[in-house]
Amino acid sequence: AAAAAAAAPKKEIPPLALPLFNPDVFQANLKLGGTAEEIAADEQEVKALADFLKTQLVARLSTDLAAENLLLHSGVQLRDIMHKRGIGMRYLGMIIEGVLARPDHSKSNLTVCVLELVSRCAKALFRDLLYETAPHTWAASAARFLNCLLDPIDRAVTKSRRAALTPSLLALNHASVWKSIESLAHTHFRFTLPAKPLEHFQLDKLALLRAVCVKTGIQIAAREYDMAGSENGVFDLDDILDLVPVVKHLNPECVQAERTYDLGLRCISASEQQLKEGVEILEDARAMFHNVYGAVHEKIAHFHRTMAAVLFKEGKYEDALAQQEKSVLLYERLFGLDSHEVIKGYTDMALLFRAADKPAEAVACTRHAQLLIRLNAGPDHVDVASHQVNLGVLSHQMEKKDQAVKALQKAVEMQQRLFGEGDPRMVHIHQLLARVHASAFQFREAMQAERIANQLLSRHMGADHPMTQNSEAALNSYTAQAVQLAKDLRSLQAPDRPKSTATAGSNNAAHAVNGGSKNNKKNKNKK
């Protein structure tokens with residue numbers, strides 16, 4: 001039977017039919033081959049493809065970003081997501097318009113998208129200006145460009161700097177830079193920036209500076225910059241350290257290792273019975289990656305992060321922490337100290353430290369992740385507020401009541417600035433604040449915070465919702481505890497008052513008796 005099966009003719013598997021498109025069909029300066037019917041068919045196919053890209057892919061991504069189904073931390077993360085979904089960066093303006101079309105859009109994701117668009121336009125403008133300058137004047141040109149970009153006050157250029165600048169850079173000012181950026185945004189992305197985009201979108205200048213430096217390759221000195229500006233501007237010639245070329249490149253892939261890694265991930269996510277087998281497959285994939293790429297590679301960092309998640313699921317927190325630390329070190333080495341992968345790594349590490357009952361280390365990781373998010377996307381980001389809530393919870397876990405209350409109150413201010421006072425997402429933080437106040441026997445503040453949460457739940461969920469009823473029960477509990485505490489305090493003070501009164505009365509009676517006896521003796525002596 002085996003010989004017959006071997007001798008039987010093998011069926012040829014037809015190749016996968018992929019749709020082919022002619023991208024040059026609408027080029028006016030090209031003469032296309034084929035008949036008129038074939039050219040018309042190619043035009044219809046390209047139109048159908050463009051319509052699918054606009055109405056399906058771009059619309060879905062805009063909806064996900066507006067509803068915070070995807071939470072962005074940096075422009076690099078946005079670029080990777082767009083490329084994975086088959087969308088080019090030229091459609092970024094269309095995505096921003098889709099996000100703005102929803103009235104309840106995410107401000108955090110919108111800020112990251114606008115920062116990416118503005119930084120790309122600034123890169124194109126700086127590149128054109130750099131073509132006209134000599135290499136020995138690049139530092140002065142970079143400082144002049146950054147000053148005009150971020151400093152709203154146009155300051156005069158000193159005589160010593162004029163010789164190093166071209167006429168185009170000397171004529172540059174804050175208004176002309178942003179006018180050029182608006183023109184480039186319309187040309188490259190078909191997006192119309194409003195007047196004064198910094199104020200309109202409330203862009204953070206430090207986040208914009210970082211994005212522009214990453215795009216253009218400008219390296220500046222690590223010091224505290226006054227964005228309001230000084231007499232000579234925000235940036236001086238000594239602040240520009242280097243100009244690094246930024247080039248596009250493709251990373252080579254090992255197909256066999258990629259397939260093995262994907263198979264291991266599918267086994268892990270399938271069921272708990274295949275968990276051990278999936279881990280073994282991932283180990284084989286890691287060995288392949290190490291042989292092909294070396295010890296420092298993105299896939300090896302992904303492997304350590306996946307192993308940390310598996311060990312965390314099994315309850316082996318110390319081993320999970322060791323794997324997570326390796327992944328964070330690799331991400332910092334590969335993508336920089338402030339990339340979105342490093343942010344995610346420190347956030348996961350804080351979760352592992354908290355599970356391992358190490359709140360002090362969890363606080364340090366949470367603060368570091370919060371600082372990196374501020375640097376990438378500005379202070380008005382959703383995760384900045386959520387990390388502030390986590391800091392309050394960790395401080396409460398460490399029995400630092402005052403720090404916990406301050407952290408949660410600051411988180412309330414952040415979320416009110418992001419969502420508004422009447423947003424239902426404010427319920428959770430008000431309830432946390434009430435619990436912290438109650439644990440510190442501050443029942444008046446606890447009742448006030450829980451009352452706000454109860455009002456929000458009644459407004460959005462209704463009075464009959466279980467969450468509203470639980471909030472009412474918590475409010476009644478805090479009220480009862482406050483009444484009981486007041487009674488206990490009065491009972492502690494009540495015995496002291498009669499005792500002091502009786503003592504005073506007895507003393508007065510004793511004085512009266514003694515005085516009376518003395519007066520009687522005096523009267524007897526007189527007689």
Side-chain angles (χ1 to χ4, degrees), residues 74-75 111-112 114-130 132-133 135-182 184-185 193-244 246 336-338 371-381:
S74 66
T111 300
V112 174
V114 175
L115 278 173
E116 182 68 13
L117 185 142
V118 171
S119 61
R120 285 178 174 269
C121 295
K123 178 195 71 173
L125 177 61
F126 180 68
R127 180 188 58 197
D128 295 340
L129 292 172
L130 210 61
E132 304 174 2
T133 61
H136 67 277
T137 62
W138 282 350
S141 303
R144 174 66 177 170
F145 175 76
L146 293 178
N147 283 325
C148 293
L149 178 68
L150 299 174
D151 193 357
I153 302 175
D154 297 328
R155 306 180 190 278
V157 183
T158 59
K159 295 182 179 180
S160 59
R161 302 284 174 82
R162 286 182 176 273
L165 299 176
T166 60
S168 301
L169 286 168
L170 288 173
L172 208 63
N173 54 33
H174 184 75
S176 63
V177 165
W178 282 101
K179 187 176 180 179
S180 301
I181 289 176
E182 292 174 8
L184 290 170
L193 281 173
K196 297 182 178 181
L198 283 174
E199 292 78 7
H200 185 272
F201 293 108
Q202 296 179 356
L203 301 180
D204 185 60
K205 289 186 177 181
L206 184 61
L208 178 60
L209 172 63
R210 178 195 172 276
V212 171
C213 289
V214 169
K215 296 288 189 302
T216 57
I218 299 175
Q219 287 188 356
I220 61 177
R223 68 175 183 86
E224 186 175 357
Y225 292 95
D226 183 13
M227 291 302 173
S230 60
E231 295 181 358
N232 296 327
V234 182
F235 301 94
D236 199 0
L237 185 62
D238 298 333
D239 295 328
I240 310 300
L241 300 181
D242 201 355
L243 194 63
V244 181
V246 180
L337 299 176
D338 55 354
L371 177 64
L372 295 182
I373 295 172
R374 286 175 178 269
L375 184 61
N376 279 268
D380 294 334
H381 194 274

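Below, each value reflects all heavy atoms present in this structure, side chains not excepted, and no hydrogens, waters or symmetry copies. Here the structure is a predicted model, which means the values were calculated and not measured.
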Between Val234 and Leu209, is the side-chain contact (heavy atoms from CB on, under 4.5 Å) condition met? List the steps.
CA-CA 11 Å; Val234 182; Leu209 172 63; over 6 Å; no
Run Leu149 and Phe126 through side-chain contact (heavy atoms from CB on, under 4.5 Å) and show every step you take.
CA-CA 10 Å; Leu149 178 68; Phe126 180 68; over 6 Å; no
Applying side-chain contact (heavy atoms from CB on, under 4.5 Å) to His381 and Thr111, what does each step give before you reach the verdict?
CA-CA 9 Å; His381 194 274; Thr111 300; over 6 Å; no
Assess the residue pair Phe235 and Leu150 against the criterion (side-chain contact (heavy atoms from CB on, under 4.5 Å)); give the C-alpha distance rounded to whole Å, side-chain angles, the decisive distance to 0.1 Å, and a yes or no.
CA-CA 10 Å; Phe235 301 94; Leu150 299 174; 3.9 Å; yes
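Of all the heavy atoms in Cys121 and Leu184, the pair that sits closest is O-CD1, 3.3 Å. The two atoms that bring Cys148 and Leu172 nearest to each other are SG-O, 3.6 Å, heavy atoms only. Shown here for Leu169 and Arg144, the closest heavy-atom pair between the two residues is O-NE, 3.1 Å. When every heavy atom of His200 is checked against every heavy atom of Ala195, the shortest pair comes out as CB-O, 4.2 Å. Heavy-atom minimum distance, Lys215 versus Lys123: O-CD, 3.6 Å. Minimum heavy-atom separation, Ala122 to Val212: CB-CG2, 4.1 Å.
Put simply, the side chain of Asn376 gets close to the backbone of Asp338: a donor and an acceptor are under 3.5 Å apart.
Side-chain contact between Leu115 and Leu208 is present, with heavy atoms from C-beta onward closer than 4.5 Å. You'll find the side chain of Leu243 reaches within 4.5 Å of the side chain of Leu130, heavy atoms only. The side-chain heavy atoms of Ile220 and Leu241, taken from C-beta on, include no pair separated by under 4.5 Å. Counting heavy atoms from C-beta on, the side chains of Trp178 and Leu198 come closer than 4.5 Å. Residues Thr216 and Val246 have side chains not in contact (no heavy-atom distance under 4.5 Å, counting atoms from C-beta outward).
Asp380 contributes atom CG, which lies 6.5 Å from atom CD of Gln202 (distance to the nearest 0.5 angstrom). Note that OG1 of Thr133 and CG of Leu165 are 9.5 Å apart. Values are rounded to the nearest 0.5 Å. In this structure, CG on Asp236 lies 8.5 Å from CG on Asn147, to the nearest 0.5 angstrom. Within the model, atoms CZ of Arg127 and CG of Leu125 stand 10.0 Å from one another, a figure rounded to the nearest 0.5 Å. Between the CZ atom in Phe145 and the CD1 atom in Ile218 there is a gap of 7.0 Å [rounded to 0.5 Å]. Here the straight-line distance linking atom NZ of Lys205 with atom CG of Leu146 works out to 12.5 Å at 0.5 Å rounding.
Of the charged side-chain nitrogens involved, none lies within less than 4.0 Å of a carboxylate oxygen, so that Asp204 and Arg374 do not count as a salt-bridged pair.
Atom CD of Glu182 has more than 12 heavy atoms from other residues, nucleotides or ligands within 6.0 Å.
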